[in-house]
Amino acid sequence: EFTYTDNADYQHKVYDFAIPLKTLGIEQPTDSEKLDLAFAAYGTATPAYLATDTAYDEEYQRYLIVYVNSTGYVAGQIINQDGSLYGTEFTISENQYRYYPSIVHNPGGTNFLVTFEGSASSGYGIFGQIVVPDGSLQDGNFQISDGSSLTPANAKGAFDYHNNQFLVVWEDNRNGNTDIFGQVLSAAGSPVGGNFAVISDTRNQYEPAVAFDDYAEKYLTVWSDARNMAYWDIYGKVINTDGSANGPDFAISSNLSNEQHNPAIAFDQANQIFSVTWEHGWPDPDNIFGKFVMIRPANYTNIFYTLLRPTASCNDPAGCIVFGLADDFAVSTEFNYQQNPYIIHDNSEFLVVWDDLRSGDSKDIYGRSIGVTNASDLTPDLSSAEFPIVTTFDEESYPSLAYNPSLNQTLLAYRNYTFPTDIYDYLILSAGSISGNIISGDTGAPISGVSVSAYSEDTGQFFSDTTIGDGSYQLDN
């Protein structure tokens with residue numbers, strides 16, 4: 001038998017194995033000796049660093065998809081708006097073993113900020129790279145986190161159209177536990193001020209997401225929060241454009257019987273509201289839930305809203321207040337697991353996609369459109385049914401979306417585990433036929449492969465990957 005200790009938090013697992021010597025036939029050790037051991041490592045979840053992200057640039061009329069390629073670099077592929085490839089794969093990260101790539105689009109500068117995490121001579125950090133929609137890189141990689149954190153992770157960003165700058169947020173453990181930190185960047189990627197704490201609490205906060213409200217000219221940052229100990233909740237905080245806090249954090253969804261985590265967020269410019277979606281699950285199988293949230297001036301009142309944060313706590317001179325729906329709404333409550341929601345607004349409604357295990361065999365990609373029945377009282381339109389998008393015998397997961405307003409179409413990128421490697425596929429959905437009309441791409445349009453392996457410095461052995469049937473891996477020498 002053996003015991004183990006989980007020395008790190010969710011998503012970053014490091015285990016210490018204590019193996020009694022008697023199980024190796026050693027009752028009374030007399031001399032020190034080196035033991036060569038080989039292990040089989042099992043994973044029960046798809047590695048999150050294999051997630052994709054995508055965005056669209058209207059001037060160039062091209063999409064950018066980013067992912068971790070087969071050699072461990074963050075890479076990109078430009079896609080024309082008709083779904084054809086523009087050029088070939090290009091490397092974004094300057095070093096190997098970069099993870100969790102994410103994109104923020106700057107429409108004014110017609111470029112993208114790609115963020116990722118990894119090691120460099122300065123230590124482990126959150127890095128960025130400005131990418132032009134022709135696949136060229138503007139200058140080189142730059143570090144966003146300041147080096148005070150040992151393992152910052154899971155960066156997400158948003159763009160402020162009024163001040164022409166980005167906000168990047170990430171998980172950060174510089175204070176001992178995991179908090180959410182942020183950094184404002186110029187359109188060129190230069191830091192504006194320093195790293196700042198979005199939320200620093202004695203309990204852990206994970207999985208940040210952020211979007212910009214161009215009506216209120218504020219960011220709304222959301223995350224998974226463990227302060228209530230029994231179950232994780234979804235919390236949020238309004239951030240001013242200079243990175244300062246606009247009042248304290250507040251609960252978006254707090255549930256005493258189920259865990260809620262992994263939020264995603266998008267902003268509806270026409271109705272001036274956010275939609276936040278998340279996984280709602282343990283101890284039940286994960287489903288997808290959501291809530292509408294709005295930021296308004298302090299003198300704005302409406303009896304239909306649930307007050308999420310009072311005016312008195314707002315430190316902005318103009319004043320602001322945050323409202324939400326009285327109740328969460330269900331996006332998908334099908335049997336078995338729905339995970340990894342991704343949400344955008346396509347100028348008419350929100351589109352949510354996720355990976356879905358309702359088939360019982362392997363994950364598929366499903367989606368649902370969420371409209372706004374009445375913006376004045378934050379009533380969602382849930383009349384559209386959820387629909388399958390990609391359902392094959394392979395393992396599809398980690399979907400991402402980008403909207404093309406000129407053609408009213410949406411590109412879906414996702415990870416597709418096809419034994420023995422991962423590839424990244426994409427397809428284009430027509431808004432007139434959002435139930436899954438594939439314009440181009442399909443699952444026959446792989447972008448890049450990813451394999452899983454490990455190396456033991458002590459024994460000099462490589463461990464290669466084999467599937468165990470559910471999208472997870474077994475490493476054997």
Side-chain angles (χ1 to χ4, degrees), residues 46-57 62-69 74-79 81 83 85 89 92 98-105 112-117 131 133 154-159 168 207-211 222 262-267 275-279 288 331 338-346 350-356 363-370 389-390 395-404 409-417 422-429 431 434 436 438-443 445-448 450:
T46 302
Y49 66 81
L50 297 182
T52 66
D53 203 4
T54 184
Y56 179 76
D57 183 80
R62 295 172 188 152
Y63 302 93
L64 170 63
I65 303 175
V66 295
Y67 46 90
V68 179
N69 70 13
V74 172
Q77 174 66 58
I78 302 295
I79 308 293
Q81 66 174 352
L85 300 180
E89 174 185 294
I92 295 174
R98 303 299 203 197
Y99 307 116
Y100 299 96
S102 182
I103 306 177
V104 189
H105 179 231
F112 306 96
L113 169 63
V114 179
T115 62
F116 46 89
E117 64 179 83
V131 179
N154 206 6
K156 296 293 190 296
F159 188 75
V168 179
E207 304 167 325
V210 60
V222 296
N262 199 15
I265 186 171
F267 182 69
S275 182
V276 183
T277 59
W278 61 85
E279 295 175 24
I288 307 299
V331 178
Q338 289 82 46
Q339 297 173 316
N340 299 311
Y342 194 104
I343 185 170
I344 62 168
H345 192 267
D346 65 5
F350 293 101
L351 174 60
V352 186
V353 292
W354 61 88
D355 35 280
D356 194 297
K363 287 185 176 181
D364 300 313
I365 305 298
Y366 274 69
R368 187 177 185 182
S369 296
I370 307 294
I389 303 176
V390 185
E395 178 96 354
E396 295 93 22
S397 59
Y398 293 102
S400 59
L401 297 167
Y403 179 63
N404 173 358
Q409 294 175 348
T410 301
L411 183 140
L412 166 73
Y414 57 97
R415 167 199 174 267
N416 182 357
Y417 178 75
D422 291 284
I423 58 176
Y424 297 102
D425 288 340
Y426 66 93
L427 54 84
I428 295 178
L429 303 173
I434 201 65
I438 299 172
I439 305 298
S440 60
D442 204 350
T443 55
I447 298 173
S448 180
V450 170

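Partners of Val210 under the side-chain contact (heavy atoms from CB on, under 4.5 Å) rule, at least two apart in sequence or in another chain, are Ala158, Leu167, Val169, Tyr219, Thr221. For the side chain to side chain donor-acceptor pair (under 3.5 Å) test, no residue two or more places apart in sequence or in another chain qualifies with Thr115. Ser275 is linked by a side chain to side chain donor-acceptor pair (under 3.5 Å) to nothing, counting only residues two or more places apart in sequence or in another chain. Asp355 is linked by a salt bridge (charged side-chain N to carboxylate O under 4.0 Å, His left out) to Lys363, counting only residues two or more places apart in sequence or in another chain. Applying the ring pair (Phe, Tyr, Trp, His ring centres under 6.0 Å) test to Tyr366 and every residue at least two apart in sequence or in another chain returns nothing. By the side-chain contact (heavy atoms from CB on, under 4.5 Å) test, His105 pairs with Ala55, Asp57, Pro107, Phe112, sequence neighbours left out. Residues passing the side chain to side chain donor-acceptor pair (under 3.5 Å) test with Thr54: none are found, sequence neighbours excluded. Remark: Tyr56 pairs with Tyr63 by the ring pair (Phe, Tyr, Trp, His ring centres under 6.0 Å) rule, at least two apart or across chains. Scanning for salt bridge (charged side-chain N to carboxylate O under 4.0 Å, His left out) contacts around Asp356 gives Arg358, with sequence neighbours left out.
With hydrogens and angles ignored, the 3.5 Å screen pairs a side-chain donor or acceptor of Arg62 with a backbone N or O of Pro133. When atom types are taken as modelled, the side chain of Asp346 and the backbone of Tyr403 share no donor-acceptor pair closer than 3.5 angstrom. For the pair Gln339 (side chain) and Glu279 (backbone), a donor-acceptor distance under 3.5 Å is absent. Between the Glu117 side chain and the Tyr99 main chain, no donor and acceptor come within less than 3.5 Å of each other.
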